[in-house]
Amino acid sequence: LCPPDTWAPEGHATTDDSCSSCNKRGGGGSGTQLWGATECDGVTTPDSALGLLLTLGEFYKDMGGENWKNDGGWLQDSVAVCDWYGITCDEFGSVQSINLRNNGLTGTFTASGIFTIPDLRIVNLSANSIDLDLTDIGNAKKLQVLDLSSTKLKVSALDALVELTDQPTLTMLSLDSNDLGGSIPSAIFALTSLEELKISHTGFSGTLSSDIGKLTNLQRLECSGNDLTGQLPSTIGNLRSLQEFLAGENGFGGTLPPQLNQLTELRSLELQQVIASGGIDGPLPAYENMRQLTSLKVDSNQLTGNLPAEFLSKTSKADFRIEIGLSHNQLEGAIPSSWSRFNNFFVNLAGNKITEIPNELCNINSWMDGDVGKYQCDAILCPKGKANAIGRRSNDQSVCNNCDGGDYFGAT
């Protein structure tokens, strides 16, 4: 390391750069009292070996390192930083990742610390009882993954995320299982490089902002288990790369926006409710353009009308298992015979107003995870005048029993 009052670009002498006095041209004005300086402003930066040790040492102290579940190697002179528990480096020895998930961290995390490490790309501090101050998170110029789920994160801290707006590197943000509340902060919708956003079970309320349509790189959006209400915005159709939209257990109303049919890469869509009171109404769209969809769950809403004959008519997954949850809505009429195009279909229609099951569907042995091969039509729905707890027969014990006043298939 360069001694005090000297500096070099890498903090030590190399074949190209010697340790220069801070009083010489190029070294700046004031000297430094620390070894390993990369500049002469009195600050040792994390670019230097000593600067990295100081930054991580302060982090260890602030996060109660002595009481961690595993602090293997930390602050031990005989152990290289890259061998410390939770630290991953590249082939050049630059710290790339800090993953201390569920490791007993405590205290207050400040972004002005480890986020100054120049090549840091992944930070996972989830499942730790820590407060977080994200001021100066903009120093993390190469940050790609940030997981702060199940911590003591407060919604006020999220305003600092605006510092990452002009940095097109952050691809994954997880804030799951924090007591946040209120509307989803606008700073999140400004992170247009995101490919994965997880904000489930955070207490967020109000409508889902139309600004969600700005996150056009999203492939996975999780916001289930919140208090989101109102109509889903039509701008959801802008998310053409979206593969998973998991938003069940909220209080959405209105109808299913037709723009969802623009999500041709979507594989999974979840908008189910826990209790069938209120919820999304209107017809079930055919979603013929969702060629990749294999899971749709809109149970316990207020969907009405007939089942569309052209449902998923352009699917490329007809030979794959497709699971459709439509139970406890107000859907009516016959199950379309055209659905026989699905070879491995599992559809839950219990608790609706279904009046007919075409016989040809009852002969597709692979339907309902093979139950149709054992119990024929009863495996799809219990017949009129019969019922059980799930509205269909799934094993030898779940017999459809006689009941009074059963006008529809699939009574529960």
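Everything numeric in this text was worked out from a predicted model, so none of it was measured.
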Query raised in the report: Would Asn301 and Asn329 count as having a side-chain donor-acceptor pair, cut-off 3.5 Å?
Result: no

Requested in this report: Answer yes if the side chains of Ser200 and Ser224 hold a donor-acceptor pair under 3.5 Å, and no otherwise.
Outcome: yes

Query raised in the report: Counting distance only, does the side-chain N/O of Asn139 pair as donor-acceptor with the main-chain N or O of Ser112 below 3.5 Å?
Result: no

Query - Donor + acceptor pair across side chains of Lys214, Asn238 (<3.5 Å) - result: no

Query raised in the report: Do Arg321 and Asp369 sit within salt-bridge range, that is, some charged N less than 4.0 Å from a carboxylate O?
Result: yes

Query - Side chain proximity check, Leu326 to Leu331, heavy atoms < 4.5 angstrom - result: yes

Query raised in the report: Do the side-chain N and O atoms of Ser97 and Asn99 include a donor-acceptor pair separated by under 3.5 angstrom?
Result: no

Requested in this report: Step through it carefully: locate the ring centre of Phe342, locate the ring centre of Trp367, and say whether they are under 6.0 Å apart.
Outcome: no

Query raised in the report: Side-chain contact, heavy-atom cut-off 4.5 Å: Ile212 with Ser209?
Result: no

Query raised in the report: Do you know which of Arg393, Arg392, Gln376 makes side-chain hydrogen bond (donor to acceptor under 3.5 Å, both in side chains) with Asp371?
Result: Arg392

Requested in this report: Please examine the side chains of Ile380 and Ile335, heavy atoms only from C-beta on, and report whether any two atoms are closer than 4.5 Å.
Outcome: yes

Query raised in the report: Centroid-to-centroid, Phe320 to Phe345, below 6.0 Å?
Result: no

**Report entry** CA sep, side-chain torsions, deciding dist, call: Leu56, Ile117, side chain to side chain contact (heavy atoms under 4.5 Å, CB included)
**Finding:** CA-CA 9 Å; Leu56 292 175; Ile117 298 174; 4.0 Å; yes

Query - Donor-acceptor under 3.5 Å (Asn124 side chain, Ser126 main chain) - result: yes

Query raised in the report: So, the side chain of Thr116 versus the backbone of Gly113: is there a donor-acceptor pair under 3.5 Å, distance only?
Result: yes

Requested in this report: May I ask you to decide if Leu228's main-chain N or O and Asn250's side chain share a donor-acceptor pair within less than 3.5 Å?
Outcome: yes

Query raised in the report: Does the side chain of Tyr408 come within less than 4.5 Å of Lys384's, by heavy atoms?
Result: no

**Report entry** Centroid separation Trp74 to Tyr85 less than 6.0 Å
**Finding:** no

Query raised in the report: More than 12 heavy atoms of other residues, nucleotides or ligands under 6.0 Å from CG of Asn395: is that the case?
Result: yes

Query raised in the report: Given the rule in the side chain to side chain contact (heavy atoms under 4.5 Å, CB included) test, do Thr171 and Glu196 qualify, once you have shown the distances and angles that lead to the verdict?
Result: CA-CA 6 Å; Thr171 58; Glu196 190 169 354; over 6 Å; no

Report task. Would you kindly say whether Arg220 and Gln243 are connected by a side-chain donor-acceptor distance under 3.5 Å? Result -> no

Requested in this report: Could you tell me whether the side chain of Ser366 and the main chain of Asn343 form a donor-acceptor pair under 3.5 Å?
Outcome: yes

Query raised in the report: Relative to the ring of Trp339, is the ring of Phe311 parallel (under 30°), tilted (30 to 60°) or perpendicular (over 60°)?
Result: tilted

Query raised in the report: Is a donor on one side and an acceptor on the other found under 3.5 Å between the side chain of Glu356 and the backbone of Ile354?
Result: no

Query raised in the report: Can you tell if the side chain of Leu148 reaches within under 4.5 Å of the side chain of Leu134, non-hydrogen atoms only?
Result: yes

Query - Backbone of Glu249 reached by a side-chain donor or acceptor of Asn226 within 3.5 Å - result: no

